Amino acid sequence: MFKLLTFALLFISFFYILDKARCNETVTRDALLKFLAELSNNNSTILGTNSGWNLTSEPCKDNWLGVTCNMKTLSVEKIILDGYDFSSGAFDATTICNVEPIADTFVFLSLENGLLQGKNLDSIGRCKHLTHLFLGGNRFSGSIPQSFLRLNNLKRLDISNNELSGVLPDLSRISGLIEFEAQNNQLSGEIPEFDFSNFVAFNVSFNNFSGLIPPEGDRFPVSSYTNNPLLCGAPLARKCSSLSEDSESDDHDKPKSSFSRDEILMYSGYFLIGLAVILGILLCVYKKRKQKKQKKKESRIEEMKKMATIYHDTTTSMDQSKKGTSNSDISSAVISSNESNTAVSQSLVVLTSPEAYSGLRFENLLKAPAELLGRGKHGSMYKVMCDNPKMTLAVKRIKDWSISGSEFKKRMQKLNQIRHPNVLPAVAFYSSRQEKLLVYEYQNNGSLLQLLQGIQRDQTFHWSSRLSIAAGVADTLAFMHQELQHDRIAHGNLKSSNILLNKNMEPMIGEYGLMSIAEISTTTTTSNSNYVFPIADENVGAIFKQDVYAFGVILLELLTGKVQNNGIELASWVVSVLREEWTVEVFDRTLIQEGASEERMVNLLQVAVKCVNHSPEARPSINQVALMVTTIRDEDDRSIDASASTSTII
Ligand SMILES: *[C@@H]1O[C@H](CO)[C@@H](O)[C@H](O)[C@H]1NC(C)=O
Ligand SMILES: *[C@@H]1O[C@H](CO)[C@@H](O)[C@H](O)[C@H]1NC(C)=O
Ligand SMILES: *[C@@H]1O[C@H](CO)[C@@H](O)[C@H](O)[C@H]1NC(C)=O
Ligand SMILES: *[C@@H]1O[C@H](CO)[C@@H](O)[C@H](O)[C@H]1NC(C)=O
Ligand SMILES: *[C@@H]1O[C@H](CO)[C@@H](O)[C@H](O)[C@H]1NC(C)=O
Ligand SMILES: *[C@@H]1O[C@H](CO)[C@@H](O)[C@H](O)[C@H]1NC(C)=O
């Protein structure tokens with residue numbers, strides 16, 4: 001009876017909008033120049049002579065001072081202009097963040113120690129994708145506007161050493177925040193109830209905050225709170241003598257409690273999701289009842305048989321060319337698996353933002369046909385096609401992962417906070433003791449593995465594409481490693497079949513953080529479709545160095561055009577050939593025919609060989625790897641530009 005009451009998937013949305021087409025550099029340039037003109041009061045010489053920042057050069061291609069771009073899409077990601085004298089200028093983020101090519105990719109702004117003044121920080125709310133905002137050491141005054149709450153991707157915020165006053169908006173609503181520095185201002189009112197468990201840095205000393213320090217605030221030392229005469233509670237020695245006194249005096253300071261438009265939208269979004277879930281469950285129960293009445297034993301047996309064929313007839317994930325094409329119901333797939341397992345807890349968590357809730361309904365997902373894409377050592381991947389609205393999802397099912405439900409949930413939420421445009425985000429997940437399900441947006445353009453396999457079938461895979469995929473993956477991993485260092489979440493199972501391609505053929509790293517190395521090494525089965533890493537050390541550094549090894553194998557695959565089930569074999573083959581100094585033998589012949597620069601191929605090979613070093617300590621960090629690979633890629637880009645311009649002159 002109960003066995004049928006398992007509802008796997010729901011979920012709901014697409015917040016992930018694939019990268020926009022290449023950006024218009026003219027628009028970007030004009031916006032940046034306007035931003036600087038405001039900051040510097042029309043004196044761009046403030047940045048010095050060779051900074052770029054003029055009408056005859058381009059921000060990304062010409063490497064403007066303080067501007068960091070995604071070199072593939074030529075879109076601005078970071079602006080760092082610390083320590084320039086902007087004392088006669090003004091800050092206006094609308095100049096940059098109202099401009100689409102920038103606003104969509106712009107994540108990092110730092111204007112520290114610039115003596116900037118003014119009351120208008122309101123415009124910052126336009127830069128919705130910001131993850132890092134550093135405005136310390138200026139002379140901003142007035143209060144922090146409510147528009148800061150729109151920065152819901154923010155992770156690090158530094159507004160220290162300014163002249164800010166008034167009550168903070170409820171920044172605890174920005175759930176991903178891990179750093180808040182506001183020391184040396186005149187801020188007052190209560191400290192928002194931050195979830196300090198994720199914080200890595202916090203300082204509100206030398207202000208005029210009052211009332212009780214929120215729970216867990218004592219994770220930070222006294223020096224994070226000193227010189228706020230009205231503040232009390234741990235870690236300060238001052239006890240909160242009379243609560244009523246505090247709350248009375250602060251009441252008028254508190255942020256307005258009436259709902260704003262955003263809040264209403266947000267809550268009604270939650271309400272709708274809740275409603276959809278309940279409706280879905282009811283519908284599903286109804287459907288199952290009906291089914292049960294109608295279907296006789298035979299039809300059930302038939303269903304089971306069908307499932308079994310799907311399981312047995314399909315190839316492993318390393319051989320995706322022969323896809324199982326039978327239609328099956330993903331929900332029944334889950335149900336049949338739980339029949340034998342008798343799952344205990346069933347919780348389904350939707351990782352989504354209400355505004356992206358796009359009208360897809362639960363029952364549509366349940367009805368949708370599913371196709372088994374591949375099966376690896378730890379789980380299977382299904383493609384689920386929904387009709388209404390039309391969308392295709394990839395559902396990963398992992399069996400026997402020895403992670404507790406709450407830890408898994410925490411991990412998924414953590415990963416959801418850290419968004420990178422080149423990491424495929426999960427849209428929803430489900431967790432029971434025996435299995436975990438993850439729902440992703442399906443990527444139509446296949447995987448890196450398929451591109452590599454295509455080489456054998458005479459499909460071209462150009463050197464420049466290989467380089468830009470390598471650089472994209474390295475950059476993305478470097479970002480993820482940095483963000484997830486404290487949480488010790490590495491990718492854990494990086495391989496070419498996990499590197500998907502979005503519609504601009506940019507790499508999207510899939511299945512991030514689904515396995516930790518320790519877990520991989522404890523579950524051993526006969527399949528060899530996953531890499532078995534030579535080292536399974538428990539220490540944190542080693543966890544991340546496993547990703548470096550795996551990335552090295554991917555570089556080798558890109559260079560040799562060979563794909564092998566076992567990464568170690570490829571690595572040791574390459575190393576043995578190099579020992580005999582037959583470097584050229586190693587490379588994919590089509591690259592040599594294409595006329596790819598041998599020098600850069602050798603440089604990339606050297607990076608790869610460093611990555612696959614047996615000793616984790618000897619492997620470079622992913623930051624170093626990313627730097628080396630992007631340098632090679634940039635050199636290659638420049639040489640293409642150069643040859644293109646000479647040929648047009650001729
Ligand atoms: C970029 O935008 C400007 C102004 O909108 C337009 O004049 C120019 O043609 C665009 N360039 C490209 C390559 O789209
Ligand atoms: C900068 O100069 C432009 C025209 O050259 C003018 O329109 C603008 O108001 C000036 N901005 C400032 C901050 O002085
Ligand atoms: C522009 O800035 C430079 C460097 O800070 C300064 O020397 C120069 O006097 C400024 N020019 C004007 C017109 O303010
Ligand atoms: C614009 O910046 C580029 C790059 O720094 C520089 O080569 C060029 O001379 C500058 N042009 C002008 C007009 O200042
Ligand atoms: C500090 O805040 C309290 C109210 O919380 C206010 O009465 C007092 O004037 C403030 N002091 C300063 C120096 O701003
Ligand atoms: C907080 O800021 C104050 C003032 O700048 C500084 O003295 C103190 O060391 C800081 N404390 C922490 C924990 O960062």
Side-chain angles (χ1 to χ4, degrees), residues 33 35-54 65-66 81-90 111-117 119 134-144 156-169 177-192 194 196 198-214 216-238 240-255:
L33 287 176
F35 181 60
L36 181 65
E38 299 262 356
L39 284 177
S40 64
N41 193 20
N42 278 347
N43 184 357
S44 63
T45 59
I46 272 180
L47 299 187
T49 40
N50 255 326
S51 66
W53 291 90
N54 64 42
L65 181 73
L81 295 172
D82 294 341
Y84 294 102
D85 178 2
F86 294 134
S87 54
S88 49
L111 295 170
E112 294 201 308
N113 305 319
L115 306 173
L116 268 165
Q117 49 192 329
K119 294 190 172 184
F134 299 107
L135 298 173
N138 286 293
R139 285 192 237 139
F140 287 114
S141 54
S143 57
I144 301 288
R156 297 179 185 267
L157 174 61
D158 185 342
I159 49 170
S160 62
N161 303 300
N162 276 286
E163 290 158 21
L164 295 161
S165 57
V167 177
L168 287 179
L177 207 60
I178 57 170
E179 172 177 351
F180 181 65
E181 311 265 4
Q183 63 269 31
N184 295 310
N185 283 289
Q186 284 109 47
L187 295 162
S188 56
E190 288 185 27
I191 299 173
F194 291 112
F196 284 117
N198 292 325
F199 269 58
V200 296
F202 184 77
N203 201 334
V204 292
S205 60
F206 298 90
N207 275 290
N208 187 22
F209 282 107
S210 55
L212 183 60
I213 292 173
E216 289 196 65
D218 57 355
R219 292 184 66 227
F220 297 97
V222 171
S223 74
S224 290
Y225 300 97
T226 53
N227 290 66
N228 288 284
L230 302 175
L231 205 57
C232 60
L236 295 179
R238 202 182 119 91
C240 300
S241 48
S242 155
L243 277 175
S244 58
E245 197 182 276
D246 283 329
S247 51
E248 235 171 32
S249 61
D250 285 328
D251 264 357
H252 63 283
D253 278 346
K254 279 189 182 159

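In listed order, ligands and their atoms are each counted from 1. Hydrogens, waters and symmetry mates play no part in the numbers below; they use all other heavy atoms, side chains included. Please read these numbers as outputs of a predicted model, since none were measured by experiment.
Interface of Thr45 with ligand 3, defined as ligand atoms under 4.0 Å from a residue heavy atom, comprises 1 (C), 2 (O), 3 (C). Every atom of ligand 6 is numbered from 1 in the order shown, and the set under 4.0 Å from a heavy atom of Pro221 is 13 (C). In the vicinity of Asn184, heavy-atom distances shorter than 4.0 Å reach the ligand 6 atoms 4 (C), 5 (O). For ligand 6, the atoms closer than 4.0 angstrom to any heavy atom of Ser205 are 1 (C), 2 (O), 3 (C), 4 (C).
Residue Ile213 holds its CD1 atom at 7.5 Å from SG of Cys240, rounded to the nearest 0.5 Å. Going from atom CZ of Arg156 over to atom CD of Glu179 covers 5.0 Å, rounded to the nearest 0.5 Å. Taking CG from Asn54 and CG from Leu36, the interatomic distance works out to 11.0 Å, rounded to the nearest 0.5 Å. Distance check: Phe134 CZ to Glu112 CD gives 6.5 Å after rounding to the nearest 0.5 Å.
Using a 4.0 Å cut-off between heavy atoms, Ala201 makes no contact with ligand 6 at all. Of the heavy atoms in Ser223, both backbone and side-chain atoms come closer than 4.0 Å to ligand 6.
Of the protein's non-hydrogen atoms, Phe206 CE1, 4.7 Å is the one closest to atom 7 (O) of ligand 6. Nearest protein neighbour of atom 14 (O) of ligand 6, counting heavy atoms only, is Asn203 ND2, 3.1 Å.
Residue contacts with ligand 3 leave out Asp85, since none of its heavy atoms falls under 4.0 Å from the ligand.
Comparing Asn228, Asn208, Val167 by heavy-atom distance to atom 10 (C) of ligand 5, the nearest is Asn208. In this structure, of Asn41, Ile46, Asn43, the residue bringing a heavy atom nearest to atom 6 (C) of ligand 3 is Asn43.
Side-chain atoms of Asn161 and Asn184 form a donor-acceptor pair, as typed in the model, at a separation below 3.5 Å.
Classification of the Phe196-Phe202 ring pair by plane angle, with boundaries at 30° and 60°, yields perpendicular. Aromatic ring pairs are classed by plane angle as parallel below 30°, tilted from 30° to 60° and perpendicular above 60°; the pair Tyr84 and Phe86 is tilted.
Residues Phe194 and Phe180 place their aromatic rings such that the two centres sit under 6.0 Å apart.
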